[in-house]
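Each chain gets a letter, A, B and so on, in the order the sequences are listed, and its residues count up from 1.
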Amino acid sequence: MTNADVARLLYELAELMDLRGDVFKRNAYRRAARGVETLDGDVRELARDGRLDEIPGVGKSIASTIAEIVETGTSRKLEELRQGFPPGLAELMRVPDLGPRTAVQLHRELGVSDLEGLKRAAEEHRIRSLKGFGERSEENILRGVEMVERLGRRMLLGDALPVAEAIAAHVRAHGTELVSVAGSMRRMRETVGDVDILAGTDRPEEALAAFVAYPEVAEVVVRGPTKSTVRLADGTQVDLRVVPAASFGAALQYFTGSKDHNVRLRRLALQKGLKLNEYGLFDASGANLAAGRDEGEVYRQLALPVIPPELREDRGEIEAALAGRLPRLVTEADIRGDLHVHTSMSDGRASMREVAEAAVRRGYEYIGITDHSRSLHVAHGLSEDDLLASVEQARQLTRELGFPVLRGAEVDILEDGSLDYPDEVLEQLDYVIGSVHSRFKMSKDEMTERVVAAMADRHLSILGHPTGRLLGRREPYPIDMERVMDEAAARGVVLELNSFPDRLDLNDLHCRMAKEHGVLVSVDTDAHGVEQLDHMRLGVGTARRGWLGPEDVLNTRALDEVRRLLRR
DNA sequence: GCCGTTTTCGGCCCGACTGTTTTCAGTCG
């Protein structure tokens, strides 16, 4: 039972409370789940010491539930509630406009218990005859089910962001000055459900006309006076909302979310006798204190520092802001080099020279080349001889370009935890990233031992993509991350934050965990072509979501210090 | 179920929209 396991069951309890119609208990369980999720230490330890109620959002009742979960793997309350609802009922709520009340009603009156059943009921026109429903809502539900089926997978941030920014730029180029991406994308969440763009103008018609005329638009789904939804050729759905220019700042704050962050902010406003909504921050007399072009004014008028969008998840950022302890977050400008890049020697597309020249163009101070090791045949892993020859090549290139090209390698961590080259080869390299690329289905204990054994090898400087997940394609392999972090801290191993769009591994919560363990994180792209060096922004966004400052990141340092830190 | 410079009970964020209704409940962001 890890913290994440306990949090998952608490979230399930919240969902079941929702179905029971108790939104206050739902919120209480959610808050507690978040508290466990973002906990510094091990929930099991707190349970042992009877200190569970120190977790924010955990009181007497939930503390005893957690204790029971830690001990038995479940709780009687949870099992009881599960009896009350079929397991598929919660998924009904993924359909737009279908909340807990409707889910329960559909179950009670039509026996609908999952998405499949809901679709059948809609197709057989059994829904329209229910009280409170009509033909329209039935069609709506059917469309919603189909969308959930089609878009069951959320979009990757790396796919959605360039699309949204191109459309925002298009609208801006057609006479609307205030345009911004909003929503979870602005918070740099690893996946986004829908693409939200916000415009502030007193000529909404102009902005909306430009929006629907964007060349990639395949279909205009909704075209209202202040909001429009379009579908692009690739199926991506994009929303543009237009607000008066005088409300842009407050609206941007509002539409950036998260919902939980906004709830906290509004409560804070209330305590100060103010009222916050998407039109502004109002005092008791109804005067608007903060609504204009500057979103930061909302925070300043609440006597808070401006909280960066990436932190707005109600994971303690408001408390930190109130206490003046918001971290200074790492930015892309702080990054001085990329330490995980492949070349055409293994499975990359660019030569070492092309990579180095691209790094110079990006303004980096150094670059690290890390091709695959010999066992990874599918990726053309390098033989010992080829690798050693390329070490000399890197030295030459360094001299020629006057730009440091480090020769490392992404070396497979083999099944027994050993590294995929002999010591005398590893010693010739500037550094080694150790990664798991095989045998993902080991038990948690076995995988943890394997990785910990590799970390004990002093040649390993960086642990690559530490959980091995591929968003939407492969679950992380089971591994005891607490243990890995402890080992990393003790041995001076750096953990990678791999910026590849479907990896982002470490994730945001792991970054925060690393910071708390005093473990350095290396934010790298794993680029297989020079254009992929741009993925750095996704990694930096994830690092920022994990509260990392420049001091927490290896490759914000000058080359001399990086070299020193890579030598263990 | 939690929590407390409105405090141990009674709140718990807020406004808009939608589809179905004659006055509003449910959902969303």
Side-chain angles (χ1 to χ4, degrees), chain A residues 10-11 13-14 16-36 52-66 75 77-78 81 92-106 127-141 143-144 182-187 189 192-198 222 224-227 229 239 241 243 247 250-282 284 298 302 312 314 318 322:
Chain A
L10 291 175
Y11 278 124
L13 275 162
L16 290 163
M17 288 299 172
D18 209 4
L19 288 171
R20 292 224 320 192
D22 194 335
V23 294
F24 297 118
K25 288 191 185 176
R26 175 198 67 190
N27 289 340
Y29 277 102
R30 272 194 196 158
R31 210 158 52 228
R34 253 200 318 279
V36 171
L52 287 168
D53 58 359
E54 290 174 17
I55 303 169
V58 174
K60 221 170 153 189
S61 168
I62 294 185
S64 80
T65 301
I66 294 176
S75 92
K77 191 197 308 282
L78 175 61
L81 283 163
L92 294 191
M93 292 192 278
R94 286 168 54 204
V95 174
D97 303 323
L98 202 163
R101 308 299 291 260
T102 314
V104 168
Q105 187 188 0
L106 290 166
I127 293 177
R128 58 178 65 177
S129 55
L130 294 182
K131 186 169 182 294
F133 290 85
E135 227 172 288
R136 287 289 284 280
S137 39
E138 188 177 75
E139 283 167 18
N140 236 336
I141 285 176
R143 269 208 311 268
S184 55
M185 200 176 357
R186 184 156 177 254
R187 304 198 311 277
R189 274 194 61 177
V192 296
D194 43 25
V195 177
D196 289 318
I197 300 174
L198 181 74
V222 178
T226 59
K227 187 192 155 172
T229 301
D239 285 354
R241 280 166 202 282
V243 299
S247 296
L252 183 57
Q253 195 289 316
Y254 177 83
F255 286 114
T256 296
S258 69
K259 187 173 175 357
D260 293 319
H261 174 86
N262 287 354
V263 166
R264 291 292 310 278
L265 217 55
R266 263 170 269 161
R267 192 182 296 154
L268 197 66
L270 210 61
Q271 283 166 8
K272 293 176 185 289
L274 308 172
K275 191 175 69 168
L276 177 64
N277 60 30
E278 59 265 51
Y279 302 111
L281 180 67
F282 300 87
V298 172
L302 286 170
R312 299 181 195 170
D314 190 22
I318 297 197
L322 285 168

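- Atom C1' of B:dG1 sits at a distance of 14 Å from the matching atom of B:dT8, rounded to the whole Å.
- Side-chain contact between A:L322 and A:L268 is present, with at least one heavy-atom pair separated by less than 4.5 Å.
- Separating the P atom of B:dT6 from that of B:dG11 is a span of 16 Å, rounded to the nearest Å.
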Heavy atoms under 4.0 Å is the rule here; annotate nucleotides 16-29 of chain B 5' to 3' with B where the base is hit, S where only the sugar-phosphate is, and - elsewhere. S--SS-----SSSB

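- B:dG15 atom C1' lies 13 Å from atom CG of A:N262, rounded to whole Å.
- Two residues are said to be in side-chain contact when any heavy atoms from C-beta on lie closer than 4.5 Å; A:T102 and A:F133 meet this criterion.
- In DNA chain B, stems built from 3 or more consecutive Watson-Crick or G-U wobble pairs, each with both distances under 3.5 Å, span B:1-4 with B:9-12, B:14-19 with B:24-29.
- The shortest side-chain heavy-atom distance between A:M93 and A:L19 falls under the 4.5 Å cut-off.
- Residue A:Q271 is the one, among A:R264 and A:Q271, whose nearest nucleotide of DNA chain B lies closer to the 5' end (criterion: closest heavy atom).
- Here the separation of B:dT18 from B:dC12, taken at their P atoms, is 27 Å to the nearest Å.
- For the C1' atoms, the distance linking B:dC17 with B:dT23 amounts to 16 Å, nearest Å.
- Side-chain atoms of A:R241 never come within 3.5 Å of backbone atoms of A:D196 as a donor-acceptor pair (strictly under, hydrogens ignored).
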Go through A:I62 and A:Y29 one step at a time and tell me if the side-chain contact (heavy atoms from CB on, under 4.5 Å) criterion holds. CA-CA 8 Å; A:I62 294 185; A:Y29 277 102; 3.9 Å; yes

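- A heavy-atom distance below 4.5 Å is found between the side chains of A:K77 and A:L13.
- Two residues are said to be in side-chain contact when any heavy atoms from C-beta on lie closer than 4.5 Å; A:L78 and A:L81 fail this criterion.
- Rounded to whole Å, the C1' atom of B:dT21 lies 13 Å from the corresponding atom of B:dG26.
- Note: CG (A:D260) to P (B:dC12) measures 17 Å, nearest angstrom.
- Here the side chains of A:P56 and A:R31 are not in contact, with every heavy-atom distance at 4.5 Å or above.
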Step by step, work out the side-chain contact (heavy atoms from CB on, under 4.5 Å) result for A:L106 and A:L98. CA-CA 10 Å; A:L106 290 166; A:L98 202 163; 3.9 Å; yes

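- One atom, CG of A:L268, and another, C1' of B:dC12, lie 15 Å apart when rounded to the nearest Å.
- With contacts defined as side-chain heavy-atom distances shorter than 4.5 Å, the pair A:R34/A:L10 does not qualify.
- Annotation: side chain of A:R312 is not in contact with side chain of A:R264 (no heavy-atom distance under 4.5 Å).
- B:dG15 and B:dT22 have their P atoms separated by 25 Å, with the value rounded to a whole Å.
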For nucleotides 1-3 of chain B, which of its nitrogen or oxygen atoms have a protein nitrogen or oxygen under 3.5 Å away, and what is each distance?
{"from": "B:dG1", "atom 1": "OP1", "to": "A:S61", "atom 2": "OG", "distance (Å)": "3.3"}
{"from": "B:dG1", "atom 1": "OP1", "to": "A:K77", "atom 2": "NZ", "distance (Å)": "3.3"}
{"from": "B:dG1", "atom 1": "OP2", "to": "A:K25", "atom 2": "NZ", "distance (Å)": "3.3"}
{"from": "B:dC2", "atom 1": "OP1", "to": "A:G59", "atom 2": "N", "distance (Å)": "2.5"}
{"from": "B:dC2", "atom 1": "OP1", "to": "A:G59", "atom 2": "O", "distance (Å)": "3.4"}
{"from": "B:dC2", "atom 1": "OP1", "to": "A:I62", "atom 2": "N", "distance (Å)": "3.2"}
{"from": "B:dC2", "atom 1": "OP2", "to": "A:S61", "atom 2": "N", "distance (Å)": "3.4"}
{"from": "B:dC3", "atom 1": "OP1", "to": "A:G57", "atom 2": "N", "distance (Å)": "3.1"}

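- Distance noted for atom P between B:dA16 and B:dC9: 37 Å (whole Å).
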